[in-house]
Undergrad: 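One structure coming up, written as structure tokens, with questions to follow.
Chain A is the first sequence line, chain B the second, and so forth, proteins listed ahead of strands; every chain is numbered from 1. In this text the structure is predicted, and so the values were computed from the model without any measurement.
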Protein chains: 2
Amino acid sequence: MAQEQAGEAGEPASGDVSDRVYAELLTRISEGEFAAGERLFEQALARQLGVSRTPVRDALKRLAAEGLVDTTPNKGAQVVSFTAEDTAALYELRAQFEPVACRLAVPRLGEEDLAELEELDARMQAIVAGGHDPAELTGLNNAFHAIFVERCGNRHLAIALQALFRPAIVTRTFRQYDPRSLERSMQAHQQLVEAALAGDGEWAEAVMRSHILSTRHATAGTTSDADV
Amino acid sequence: MAQEQAGEAGEPASGDVSDRVYAELLTRISEGEFAAGERLFEQALARQLGVSRTPVRDALKRLAAEGLVDTTPNKGAQVVSFTAEDTAALYELRAQFEPVACRLAVPRLGEEDLAELEELDARMQAIVAGGHDPAELTGLNNAFHAIFVERCGNRHLAIALQALFRPAIVTRTFRQYDPRSLERSMQAHQQLVEAALAGDGEWAEAVMRSHILSTRHATAGTTSDADV
DNA sequence: CTCTGTCATGTTGCATGCAATCTCGCAGAC
DNA sequence: GTCTGCGAGATTGCATGCAACATGACAGAG
């Protein structure tokens, strides 16, 4: 489904190489290849990716603006590290804001959006049914949630929300999948699809809220999250 | 409590020159020196500010990430332009989100924060009492609101909110000050200070919400806003 | 043994050169 | 007269060189 592959929502669309580097770093961070707190050196990354320092700098700044890395003036960037409270606060906020975007988005969803939602839902269920692959599951889940955010009809809300739930992906590394909460999440996704198909924004909003709160609860005891 | 002085909230803290350029561009945009839709050329700005293109590039990217300028791949940056609906939506969202930050922030405010709030309030009132200088008024107002956002205790909420209410400042160019709504805003600010001094987050939240909604209403008929 | 001052190293931040891309105007053909 | 193709100018994007700052080790004094 077309979907902007690297441009995301905030359209900080830079060049060609720069986008590639950004996407690569984003993937590595979200898949836990970089440990939390690990320093990211411009030159090392540049050599490793076969580009110069400039696009790496750009990508790191972009990640910093999105809250995925911390930067200190003359020291550079390091992957953000979350405390348990940080994660809890993040969920608290998502629970308040993302449902709003959801309600706004539902009436605006087109045919292809709905089709994509159904497909993503189906693929996630397939993964859960079989042996689950955490990395792929979160990717699909992010895409699923992203549809609502990106279609909310307000660029700035999209930017704001990306800033809120992008950082959450870095905490996913040590996640443990609890079968029960996973099942509950799948049901929530199904309900979201139904609500979307029905064009019922309020329903979708309510489902999304309980979905997020339920997930928050499931992760209350651990330092990891499970934002599926 | 350390206080970051120039790093703002999202701490995309870059270098020295880069920050200066960013601040300068932000000021010019918010004061309407750059028209909406106007293209911003790197080299021209660099010459004008007496620096090289690099820090200008960085600043523009930062502004793009915050939604203050639009960038297209090989064309550069231009100041965002808002339709009336965009502005309305922005207020709608602020009304939902900023009060939450306000509630979270109030219990966390220190002595110096309270003192600053009082001072900012006093200065704004002084300006309103005399002949008002729009530019300075909005600057103070932004600072006033920023205190709550920055002290909300969650970095990511701060980033998200900056994304929401930073863009609003660009629409201020043609604003017209309606004496009555201005007076109402001043009273709201006073109440916010009182609530903050009392440490009553819920009160502050309620005041902030009505403050924003009132402002939205005041700007409903125009294409400009009046976020004081 | 501990603490402090100095120095070497590494990294970021800024400046500049070069290539790729886009835009716009103009000439020529139909 | 209108449309198409070409070319010059301009602007961004990437690469690289240089200077400033921060960090860490080591030597020397107390």
Side-chain angles (χ1 to χ4, degrees), chain A residues 4-8 10-26 28-29 34-35 37-66 68-81, chain B residues 2 4-8 10-26 28-29 34-35 37-66 68-80:
Chain A
E4 37 213 339
Q5 47 189 11
E8 298 294 338
E11 58 187 300
S14 305
D16 186 21
V17 181
S18 189
D19 278 347
R20 214 168 44 75
V21 173
Y22 168 79
E24 179 65 26
L25 292 181
L26 182 61
R28 293 199 187 182
I29 291 177
F34 295 136
E38 180 174 347
R39 288 186 61 182
L40 300 179
F41 299 108
E42 296 176 0
Q43 201 163 14
L45 293 173
R47 261 198 299 267
Q48 197 172 342
L49 296 173
V51 298
S52 93
R53 277 179 49 210
T54 308
V56 175
R57 265 180 82 76
D58 289 348
L60 287 176
K61 279 184 180 304
R62 204 163 142 191
L63 291 169
E66 292 172 354
L68 283 168
V69 301
D70 276 332
T71 66
T72 39
N74 274 314
K75 196 181 167 199
Q78 53 185 40
V79 181
V80 293
S81 53
Chain B
E4 36 212 335
Q5 49 185 12
E8 297 291 337
E11 56 188 301
S14 305
D16 185 21
V17 181
S18 187
D19 278 346
R20 213 166 46 76
V21 173
Y22 168 79
E24 180 64 24
L25 291 181
L26 182 62
R28 293 198 187 182
I29 291 177
F34 296 135
E38 180 175 348
R39 288 185 60 183
L40 301 179
F41 299 109
E42 297 176 358
Q43 201 163 14
L45 293 172
R47 261 199 299 268
Q48 197 171 341
L49 296 172
V51 299
S52 93
R53 276 178 49 210
T54 309
V56 175
R57 267 181 81 76
D58 288 348
L60 287 176
K61 279 186 179 302
R62 206 163 139 190
L63 291 169
E66 292 173 355
L68 284 168
V69 301
D70 276 332
T71 65
T72 39
N74 274 315
K75 197 180 166 198
Q78 52 185 37
V79 180
V80 293

Undergrad: Mind calculating the distance between CZ (A/R57) and P (C/dC14) to the nearest angstrom?
TA: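 Nearest whole value for this atom pair: 7 Å.
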Undergrad: For residues 43-56 of chain A, run the donor-acceptor check on the side chains, cut-off 3.5 Å, and write out each pair with its distance to 0.1 Å, sequence neighbours left out.
TA:
from: A/S52; atom 1: OG; to: A/T54; atom 2: N; distance (Å): 3.2
from: A/R53; atom 1: NE; to: A/E42; atom 2: OE1; distance (Å): 3.1
from: A/R53; atom 1: NH2; to: A/E42; atom 2: OE1; distance (Å): 3.0

Undergrad: Which whole-number value in Å describes the distance from A/D58 CG to D/dA15 P?
TA: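 Distance, rounded to whole Å: 11 Å.
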Undergrad: Starting from C1' on C/dT12, measure out to CZ on A/F41 and report it in whole angstrom.
TA: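 After rounding, the reported distance stands at 11 Å.
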Undergrad: A/D70 has an atom CG; how far is it from atom P of C/dT12, in whole Å?
TA: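 Checked: the CG to P distance equals 15 Å.
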Undergrad: Would you compute the distance between atom CZ of A/R39 and atom CZ of A/F34 and round it to the nearest 0.5 angstrom?
TA: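 Here the interatomic distance stands at 14.0 Å.
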Undergrad: Separation of B/L45 atom CG from D/dT11 atom C1', in whole Å?
TA: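 So the two atoms are 13 Å apart, to the nearest Å.
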Undergrad: Report the C-alpha separation of A/R28 and A/E24 in whole Å, then their side-chain angles, then the decisive distance to 0.1 Å, and conclude whether the salt bridge (Lys or Arg N to Asp or Glu O under 4.0 Å) test is met.
TA: CA-CA 6 Å; A/R28 293 199 187 182; A/E24 179 65 26; 2.8 Å; yes
Undergrad: Atom CD of A/Q43 and atom P of C/dT9: how far apart are they, to the nearest Å?
TA: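 After rounding, the gap between these two atoms is 16 Å.
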Undergrad: Mark up nucleotides 16-23 of chain C, 5' to 3', with B wherever a protein heavy atom is under 4.0 angstrom from a base atom, S wherever such an atom reaches only the sugar-phosphate, and - elsewhere.
TA: BB---SS-
Undergrad: Would you compute the distance between atom CD of B/Q78 and atom OG1 of B/T71 and round it to the nearest 0.5 angstrom?
TA: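 Answer for the CD-OG1 pair, B/Q78 versus B/T71, is 9.5 Å.
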Undergrad: What nucleic acid atoms does B/L60 come within less than 4.0 Å of, heavy atoms only: base, sugar-phosphate, or nothing?
TA: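 Nothing, no heavy atom under 4.0 Å.
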Undergrad: Report the distance from atom CZ of B/R20 to atom C1' of C/dC14, rounded to the nearest whole Å.
TA: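 The distance from CZ of B/R20 to C1' of C/dC14 comes to 12 Å, rounded to the nearest Å.
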Undergrad: Calculate the interatomic distance between B/L49 atom CG and C/dC14 atom C1'; express it in whole Å.
TA: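 Answer to the nearest Å: 14 Å.
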Undergrad: Distance check, rounded to the nearest 0.5 Å: A/L25 atom CG versus A/L68 atom CG?
TA: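 That separation rounds to 10.5 Å.
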Undergrad: If the threshold is 4.0 Å, N to carboxylate O, is there a salt bridge linking B/D19 and B/R62?
TA: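 Salt bridge between B/D19 and B/R62, a charged N being under 4.0 Å from a carboxylate O: yes.
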Undergrad: With DNA chain D as reference, determine whether A/G50 or B/E42 sits nearer its 5' end, using the nearest nucleotide of each.
TA: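 It is B/E42, whose closest nucleotide lies nearer the 5' terminus.
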